[in-house]
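For reference, the structure discussed in these notes is given below.
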Number of protein chains: 2
Amino acid sequence: MTELDKFDRRILAILQVDGRVSTVELAERVGLSPTTTGERLRRLQKDGYITGFGARLDPHRLGFGLLVFVEVLLDKTTPDVFDKFAQAVRDMPEVLECHMVAGGFDYLVKTRVADMASYRRFLGDILLSLPGVRETRTYAVMEEVKNDSPLPL
Amino acid sequence: MTELDKFDRRILAILQVDGRVSTVELAERVGLSPTTTGERLRRLQKDGYITGFGARLDPHRLGFGLLVFVEVLLDKTTPDVFDKFAQAVRDMPEVLECHMVAGGFDYLVKTRVADMASYRRFLGDILLSLPGVRETRTYAVMEEVKNDSPLPL
DNA sequence: CCTGAAAATACCTAGAG
DNA sequence: CTCTAGGTATTTTCAGG
């Protein structure tokens, strides 16, 4: 678990984009033998650099035409509003991301829904019904300029 | 390219989480034969439902300890500021996501950097040096409550 | 859509540099 | 720590029903 050398970074960079390459092809693209490459790959997983593999899906083709960001402000009078909100959000399948931020609001929520009507339901029935939610600001995405870019290794 | 049935959705759901399962294991988990499953998988890729496969990496272990969101407001006097900004952002490896939004600002930028000093450099030397950037608001993430959640198929 | 085979490919171990 | 090489196990693929 010391440090990553040039080959490790190369492996990670390739795997970020082509998650399904075989060990032999990966080996020739990084310039090592399949055996060594396989060992490095296993080590990178064991040490937690690689947390998993997944397919990239096209949200628009799957009925998620609308991407929305929501800024959430909480009522900080109750003690454990933050934990409660965080746990509730983790259980919502519509929420793809949620981050606690420092600045003008408390949480930034990223969600994908079918359309504005669906989002209206999500906001009213689910998000605003949570205890402690004092205010929300909705920002609908008009154009996804860049999305799911790989980490610059 | 008609519609997705229950099996297709099951395949996509599994592949989102386990992008490297073999066709035979995928087959027994969805309850079809390997042959049929392989054909469906190929079709889902050809029709664009699956856009690719990738490894999920741990940003914190790779030197990206700080996640930051930036709201950007543009100077709308020049005609093509939007296109210029969008193209510049696409070429920045530090920027993981960028979306044009409707509401109080123009673009929402998601970036990962090593620390606050790195972000300071990114903001001053790169983002603010772009023509047409009138104002930015920075929100540093204190806790990543939820991240890269799969689409709820 | 399934079964059953063949063909290809992958992984794993052993042993040398 | 890395490579070469062979044997083993899987997987994929292509028949035909």
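In what follows, chains are A, B, ... by sequence order, proteins preceding strands, each numbered from 1.
- Residue A:R40 places no side-chain N or O under 4.0 Å from the OP1 or OP2 atom of D:dC1.
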Show the atom names and distances, to 0.1 Å, of all donor-acceptor pairs under 3.5 Å that link a side chain in residues 24-33 of chain B to residues at least two apart or in another chain.
from  : atom 1 : to    : atom 2 : distance (Å)
B:R29 : NH1    : B:D18 : OD2    : 3.4
B:S33 : OG     : B:T36 : N      : 3.3
B:S33 : OG     : B:T36 : OG1    : 3.0

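- Other residues, nucleotides and ligands contribute at most 12 non-hydrogen atoms within 6.0 Å of the CZ atom of A:R120.
- Computed from coordinates, the B:L41 CG to C:dC1 P distance equals 14 Å when rounded to whole Å.
- Because its NZ or CZ atom is both nearer than 6.0 Å to the ring centre of A:F53 and within 45° of the ring axis, B:R20 counts as a cation-pi partner of that residue.
- We find that B:R61 and A:D47 are not joined by a salt bridge, their nearest charged nitrogen and carboxylate oxygen being 4.0 Å or further apart.
- Among B:H99, B:R90, B:E97, the single residue meeting the side chain to side chain contact (heavy atoms under 4.5 Å, CB included) criterion with A:V145 is B:R90.
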Contact state string [nucleotides 2-17 of chain C, B base, S sugar-phosphate only, - no protein heavy atom under 4.0 Å]
SBB-----SSS-----
